[in-house]
A.B. asks: 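I have a structure I would like to understand better, so I am pasting it below and will then ask my questions one at a time.
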Amino acid sequence: MFTISKSSRGVVCLRGGDRGHMDEKYFPKKIEAKWQAHWAKNKSFQVQVDDDLPKFYQLEMLPYPSGNLHMGHVRNYSVGDVVAWYKRLKGFNVLHPIGWDSFGQPAEDAAVKRKVNPRDWTEENIKAMRGQLQRLGLSYDWSREIAAHRPEYYKFDQWFFLKMYDKGLAYKKLTQVNWCEHDQATLSNEQASGGLCWRCGNPVTKRDLEQWFFKTTAYADELLDGLDSIGGGWPGNVLKRQRDWIGRSEGSYIDFAVRVPGKTGSLKPEDRRTIKVFTTRIDTIYGATAIVLAPEHPIVQEFSNQLSAEVHAKIAEILAEKAKPADHEAEVEKDGIDTGLKAVNPFNSELVPIWVGNYVMMEYGTGAVMSVPAHDERDFEFATKFGLPIRQVISEPHMAHEHHTMHALALEQPFTSSGVLVHSDYWNGKTSEAAIEEMTHHAQMHGFGEPATTYKLRDWGISRQRFWGAPIPIVYCDACGTVPVHFDDLPVELPENAPITGTGESPLSKVTEFVETACPKCEGPARRETDTMDTFVDSSWYYFRYTDPENEVLPFSPDIAAYWTPVDQYIGGDDHAVMHLIYTRFWTKVMRDIDLLSLDEPVTRLLTQGMVVGETFFDDESGKRIYQPPTDVAVERDAKGKIISARSAEGKELKFAIERMSKSKGNGVDPDEMVEIYGADAARLFVLFAAPVENELVWNEAGIEGAVRFLQRIWRYVYKWKDSFGNSSPAAEQGEAARKLRRKTHQTIRRIDLSLDTLQFNTPVAALMELCNALYDSGIEPETATADEISAVQEAVTSLVLMLTPFAPHTAEELFAVLIGNDNGLLANGARFPEFSEELAADDEIEVVIQVNGKLRSKITTSPGQGIEELETAALADAKAQEFIAGKEVIKVVVVPDKLVNIVVKG
RNA sequence: GCACGCGUGGCCAAAUCGGAAAAGGCGCCGGUCUUAGAAACCGGAUAUUGAAGGUUCGAAUCCUUCCGCGUGUACCA
């Protein structure tokens, strides 16, 4: 038979003994292998366009092939598989693909550290992880697998680049990057943290570098307004974050003329300059007491020789401070200096000082603000620090006629809401809203302003000085300049290898065979662009490629994509809420505008799942966290299981936290190990059941045994009954036990249907458990059951197995085979998700609660649908209720049909 | 600092519109079985729903304040 022993982790595992007679026992390994082979052999999940079937596109975010699946993947893909199976069983033609986000930095890190070829490393990792996914039994159409690092794929990254270049959506511009002079390397913000190079520790400088950009800003309005049409299909916080990221802001530009003291009005026309400011609150302009410029503002340069040494020094200081990558923890204190220059407020001709301030950013708006301390927090802080006047010009409506000057002096904090204008000449008494419109119009009429809209969204910088990415298909020719590669010459293939140093200089620039080429225009000697594209490029359109993965001419056929897309359900981590999901929305609009698609939005429904986290233990005395695997740590816990203290094997006190599971932190759980011990079905079932999908899941190994037990319980029940079922239809006469069971069955189907439609995955598992419990509790036994009971059990068991399919497909397939008597599988047998009957799900009698003054006093049993008056009468007549009403005045009676009657009494 | 979200038995969690003495699982305790342990089966205990106010006939659910936790964001004019 079999033996059961404790594994080294203290968990239960099954060991197969006599393999000949084990069908009646649940051996996950055996059936999982069997059905995985069946699915592969029968290509069960391969799908084709079929205009007669409704389609469903189920997509999960594709993994980076790091080499190991982690529990976050297991969660993500288990959830996706539930939806895919559910829709299949509902009769949909389900596209459920997977692929590899296989370009990116870790491959280069591996190349540096382990001297391996990034391509070989990547391919090996894909092989390993594909095996892991298959052992989990995920229902992917493997014939559509793609990998971003293969030329067949990145050829079309380049194809898109050229299309965008043609449309003016791809362009090159000078931009500042973090630069380490010592390493001759560009650094990301993280790598330049604290203003020092992470590798050599030397100070980081900013360097101008020519980089390629995609013009995402061309679609800024559409990206923002499109969020409204997505509406309820996406989580609210994702919509919000995208709105904030795009950051559209409506306001006005206003020009302030510049004056140089001592040269009153004597500037020659060609020397006259204005400063354009952007403001959303033109209604506060009478309160402007300074103009504050970003230190990089061109006016600073232009009037450079008018500025004192002190001003120059301060500007240099601010710039130096800004050059340091920001430390996110610390709040930067406001700093600045009066340049001595003056500006003219065009509304009242008042002269205000021009300052330079560290809180004004050149990258946003115009790099200049009008400082209105009374009505803006930042300006208030700045003015308070440097003694600038604070002048109130907006009042709360009910105070508009009081003594504002006095009030203004008393302002202890800025008044930033809208209100009514005061101290604003002609505009006094107008509301902010009216004033904003009228004053902008006034400015426009007089030629010193106009309405303006600004965005936080920037163009997408795609240049990377890296090897492991898609080469940018551009050639530089001394004669012809920047020349795009011909479409026919794609792909521009990566060389087999390149000197990867990991210091950040472009490896491709050192591969002469790659760099040296002929100009596509004049055929003279030319040089290739040696930067590669950001990997977000690959993931911006991959799921369109899945629809037509072998197309050599186009990224995909528009007709095929039109059938499958948009994605009906997308599932992934919420860390991609902004970048990936903005870029792919941008890409969709570009694809639409080059006639590949007719969609505006690519993803109908989005689900972001929470992280899988676990306890970590580490020592950070050295300033860097050194993690210890939990198995080597002695942990002391309080009564609630919270960690009080932790010590390493050597007895050293360790710090602890709950962090995202990963191998490097030592708190990872290896999915292979889980599958080995418990089986893929139990592992998946548990991950789904343990917590709502959007919540963080704190890994707790113990719970998984309950999942195994549940599967075993179903298994045993099916085997107990399988020989008793017949083909007869439900008997007309039904006894109480049969009726009760059928009611539970149909209620469960209704409940699970609803849960899955609303993307809840933990509650349907609980519902399945309840139905299973109901079967055991029904007391119906095969030996003594009547015909109606047998058919009720058969209905319940069949429904249970079918509904189990999305959660534990191997077990469900096997049990379905046992029930139906063949091994052809669910799909070949045309299995469908069970349907419920409202009639059968309805309770035939219900309990109605009788409360007196809100306290439960009695219950009556009645049929559903009783009228309010009947219920009221019945409640008032109830003997127990009478006891509590007796001698008191009934004030009112609240009746909730089918639920309760509450009698309110006084006295 | 700001914004948003969340606090339900020891743990994870459920609860259409505000409507019963608040599901299910894990863990725990007891019993049957067993050489023993485990599994399996049967049974059991455990909740002022973070705190304090308020609205209501009635609050886990709505409002206010506070406490705790989490996420996002960082001078966006």
Side-chain angles (χ1 to χ4, degrees), chain A residues 2-6 12 14 235-238 240-241 244-245 247-249 251 277-281 284 292 326 328-334 357-361 363-372 375-379 381-382 454-457 574-575 577-578 610-611 637-642 658 686 689-692 694-698 700-710 712-713 716 754-755 758 760 762-763 765-770 772-773 776 847-859 891-905:
Chain A
F2 62 94
T3 56
I4 296 161
S5 63
K6 283 229 164 196
V12 178
L14 302 171
N237 72 323
V238 174
K240 181 182 182 298
R241 280 162 67 188
D244 291 350
W245 185 268
R248 182 164 68 194
S249 171
V277 304
F278 174 73
T279 179
T280 54
R281 294 295 303 274
T284 65
V292 185
H328 277 264
E329 305 302 306
E331 191 155 334
V332 183
E333 198 178 337
K334 291 204 171 27
N358 65 343
Y359 72 102
V360 180
M361 300 185 302
E363 304 82 42
Y364 183 80
T366 59
V369 302
M370 61 179 205
S371 176
V372 185
H375 305 292
D376 181 282
E377 284 180 22
R378 296 148 303 180
D379 295 337
E381 199 187 318
F382 192 70
T454 61
Y455 302 87
K456 273 198 261 185
L457 183 74
D574 111 305
D575 36 345
V578 179
M611 285 192 296
R637 292 174 192 273
D638 67 12
K640 290 193 164 191
K642 289 222 165 66
I658 290 182
F686 171 64
F689 178 57
E694 64 276 10
N695 283 19
E696 195 171 75
L697 170 58
V698 182
N700 169 13
E701 185 113 4
I704 194 169
E705 289 177 47
V708 180
R709 213 168 292 155
F710 168 60
Q712 285 170 336
R713 244 164 106 76
R716 273 197 312 275
L754 185 68
S755 298
T758 55
Q760 288 175 280
N762 53 331
T763 48
V765 177
L768 289 173
M769 289 173 171
E770 281 183 44
C772 185
N773 288 345
Y776 276 95
E847 277 189 326
V848 172
V849 169
I850 300 177
Q851 298 178 334
V852 177
N853 283 351
K855 288 207 172 72
L856 178 80
R857 296 305 187 194
S858 181
K859 289 176 198 171
I891 299 170
K892 76 192 228 188
V893 180
V894 180
V895 179
V896 182
D898 293 352
K899 288 272 184 191
L900 63 74
V901 180
N902 186 12
I903 303 164
V904 185
V905 297

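Letters A, B, ... are given to chains in the order of the sequence lines, protein chains preceding strands, and every chain is numbered from 1.
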A.B. asks: Ignoring backbone atoms, test whether A:Gln712 places a side-chain nitrogen or oxygen under 4.0 Å from the OP1 or OP2 oxygen of B:rC41.
C.D. replies: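 Checking B:rC41 against A:Gln712, no side-chain N or O comes under 4.0 Å of OP1 or OP2.
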
A.B. asks: Is A:Ser249 near enough to B:rA77 that one of its side-chain N or O atoms lies under 4.0 angstrom from OP1 or OP2?
C.D. replies: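 It does, given that an N or O in the side chain of A:Ser249 lies less than 4.0 Å from OP1 or OP2 of B:rA77.
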
A.B. asks: With sequence neighbours left out, what residues match A:Val901 under side-chain contact (heavy atoms from CB on, under 4.5 Å)?
C.D. replies: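 Once residues adjacent in sequence are excluded, the partners of A:Val901 under the side-chain contact (heavy atoms from CB on, under 4.5 Å) criterion are A:Val848, A:Leu871, A:Ala875, A:Val893, A:Val895, A:Ile903.
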
A.B. asks: How long is the line joining CZ of A:Phe382 and P of B:rA77, in whole Å?
C.D. replies: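 Rounded to whole Å, this separation is 18 Å.
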
A.B. asks: For A:Trp245 and A:Lys456, which heavy atoms make the closest approach, and how far apart are they?
C.D. replies: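 Minimum heavy-atom contact is O-CB, 3.5 Å.
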
A.B. asks: A:Asn695 side chain N/O closer than 4.0 Å to the phosphate oxygens (OP1, OP2) of B:rA13?
C.D. replies: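 For B:rA13, OP1/OP2 do have a side-chain N/O of A:Asn695 under 4.0 Å.
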
A.B. asks: Please tell me which of A:Arg241 and A:Ala691 maps to the more 5' nucleotide of RNA chain B, matching each residue to the nucleotide holding its nearest heavy atom.
C.D. replies: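 The 5'-side residue here is A:Ala691.
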
A.B. asks: If you check the A:Leu900 side chain, which of B:rA14, B:rG19, B:rC41 turns out closest?
C.D. replies: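 That would be B:rG19.
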
A.B. asks: Grab the CG-P distance between A:Asp244 and B:rU71 for me, whole Å please.
C.D. replies: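 These atoms are roughly 18 Å apart.
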
A.B. asks: Distances under 3.5 Å only, N/O to N/O: pair up the protein atoms with those of nucleotides 44-49 of chain B.
C.D. replies:
none

A.B. asks: Calculate the interatomic distance between A:Phe686 atom CZ and B:rC12 atom C1'; express it in whole Å.
C.D. replies: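 Distance, rounded to whole Å: 8 Å.
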
A.B. asks: Across the strands shown, which category fits A:Val292 at heavy-atom distances under 4.0 angstrom: base, sugar-phosphate, nothing?
C.D. replies: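 It contacts nothing in the nucleic acid.
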
A.B. asks: With sequence neighbours left out, write down each residue that passes salt bridge (charged side-chain N to carboxylate O under 4.0 Å, His left out) with A:Lys240, or none if nothing qualifies.
C.D. replies: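 Partners of A:Lys240 under the salt bridge (charged side-chain N to carboxylate O under 4.0 Å, His left out) test: A:Asp244.
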
A.B. asks: In dot-bracket, 5' to 3', how would RNA chain B read with Watson-Crick or G-U wobble pairs under 3.5 Å, [ ] for crossing ones and | for pairs to another strand?
C.D. replies: (((((((..(((......[....))).(((((.......))))).....(((((..]....))))))))))))....

A.B. asks: In chain order, what residues pass the salt bridge (charged side-chain N to carboxylate O under 4.0 Å, His left out) check against A:Asp379, with sequence neighbours excluded?
C.D. replies: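 For A:Asp379 there are no salt bridge (charged side-chain N to carboxylate O under 4.0 Å, His left out) partners, ignoring immediate neighbours.
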
A.B. asks: Could you tell me which non-hydrogen atom of A:Phe278 sits nearest to which non-hydrogen atom of A:Thr366, and how far apart they are?
C.D. replies: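 It is N-OG1, 3.5 Å.
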
A.B. asks: Please find the pair of heavy atoms, one from A:Thr454 and one from A:Gly365, that lie closest to each other, and give the distance.
C.D. replies: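 The answer is CG2-CA, 4.1 Å.
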
A.B. asks: Has A:Asn762 got a side-chain N or O lying under 4.0 Å from the OP1 or OP2 atom of B:rA14?
C.D. replies: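 Yes.
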
A.B. asks: Could you tell me which residues satisfy side-chain contact (heavy atoms from CB on, under 4.5 Å) with A:Asn358, sequence neighbours excluded, listed by chain and number?
C.D. replies: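 So A:Asn358 forms a side-chain contact (heavy atoms from CB on, under 4.5 Å) with A:Ile318, A:Val332, A:Lys334, A:Asp335.
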
A.B. asks: B:rC17: syn or anti, with syn meaning chi within 90° of zero?
C.D. replies: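 Chi for B:rC17 falls in the syn range.
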
A.B. asks: Assign A:Asn773 to base, sugar-phosphate, or nothing according to its heavy-atom contacts below 4.0 angstrom with the strands shown.
C.D. replies: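 Answer is sugar-phosphate: A:Asn773 comes under 4.0 Å of backbone atoms only.
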
A.B. asks: With a 4.0 Å cut-off on heavy atoms, is A:Lys456 in touch with a base, just the backbone sugar-phosphate, or nothing at all?
C.D. replies: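 Touches a base.
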
A.B. asks: Measure CG/A:Asn237 against C1'/B:rU71 and give the value in whole Å, please.
C.D. replies: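 Interatomic distance, CG of A:Asn237 to C1' of B:rU71: 8 Å.
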
A.B. asks: Considering residues at least two apart in sequence or located in another chain, which fulfil the ring-ring contact (aromatic ring centres under 6.0 Å, His included) criterion with A:Phe382?
C.D. replies: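 By the ring-ring contact (aromatic ring centres under 6.0 Å, His included) rule, A:Phe382 matches A:Trp355, A:Tyr359, A:Phe386.
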
A.B. asks: Residues in side-chain contact (heavy atoms from CB on, under 4.5 Å) with A:Val849, at least two apart?
C.D. replies: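 For A:Val849 the side-chain contact (heavy atoms from CB on, under 4.5 Å) partners, ignoring immediate neighbours, are A:Gln851, A:Leu856, A:Leu900.
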
A.B. asks: Answer with base, sugar-phosphate or nothing: what part of the nucleic acid does A:Glu694 contact at a heavy-atom distance below 4.0 Å?
C.D. replies: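 Answer is nothing: A:Glu694 stays at 4.0 Å or more from every strand.
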
A.B. asks: Test of understanding: with salt bridge (charged side-chain N to carboxylate O under 4.0 Å, His left out), list the residues that count as partners of A:Arg281, not counting sequence neighbours.
C.D. replies: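 For A:Arg281 the salt bridge (charged side-chain N to carboxylate O under 4.0 Å, His left out) partners, ignoring immediate neighbours, are A:Asp283.
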
A.B. asks: Regarding A:Met769, tell me which of base, sugar-phosphate or nothing describes its non-hydrogen contacts under 4.0 Å with the strands shown.
C.D. replies: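 Sugar-phosphate contact only.
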
A.B. asks: State which of B:rA3, B:rA40, B:rC75 makes the closest approach to the side chain of A:Lys240.
C.D. replies: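 Of the options given, the side chain of A:Lys240 lies nearest B:rA3.
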
A.B. asks: How close or far is atom C1' of B:rG27 from atom CZ of A:Phe710, stated in whole angstroms?
C.D. replies: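 For the pair A:Phe710 CZ and B:rG27 C1', the rounded distance is 19 Å.
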
A.B. asks: Listed by chain and number, what are the salt bridge (charged side-chain N to carboxylate O under 4.0 Å, His left out) partners of A:Arg857, not counting sequence neighbours?
C.D. replies: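 With neighbours one apart ignored, the set is empty.
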
A.B. asks: Tell me the closest heavy-atom pair linking A:Val360 and A:Ala368, and the distance in Å.
C.D. replies: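 Smallest interatomic distance, heavy atoms only, reads CG1-N, 4.0 Å.
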
A.B. asks: Let me know the distance between OH of A:Tyr776 and C1' of B:rA40, rounded to the nearest Å.
C.D. replies: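 After rounding, the reported distance stands at 9 Å.
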
A.B. asks: What residues form a side-chain contact (heavy atoms from CB on, under 4.5 Å) with A:Ser755, not counting sequence neighbours?
C.D. replies: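 With neighbours one apart ignored, the set is A:Gln760, A:Thr763, A:Pro764.
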
A.B. asks: Going 5' to 3' along nucleotides 53-59 of chain B, which nucleotides have protein heavy atoms under 4.0 Å from the base (write B), which only from the sugar-phosphate (write S), and which from neither (write -)?
C.D. replies: ----B--

A.B. asks: Taking only the side-chain nitrogens and oxygens of A:Arg709, find out if one of them lies under 4.0 Å from OP1 or OP2 of B:rG25.
C.D. replies: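 For B:rG25, OP1/OP2 do not have a side-chain N/O of A:Arg709 under 4.0 Å.
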
A.B. asks: How many whole angstroms separate atom CD of A:Glu770 from atom C1' of B:rA15?
C.D. replies: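 Between C1' of B:rA15 and CD of A:Glu770: 11 Å.
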
A.B. asks: In terms of the nearest nucleotide of RNA chain B, which residue is placed more toward the 5' end: A:Leu697 or A:Glu363?
C.D. replies: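 Looking at RNA chain B, the more 5' nearest nucleotide goes with A:Leu697.
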
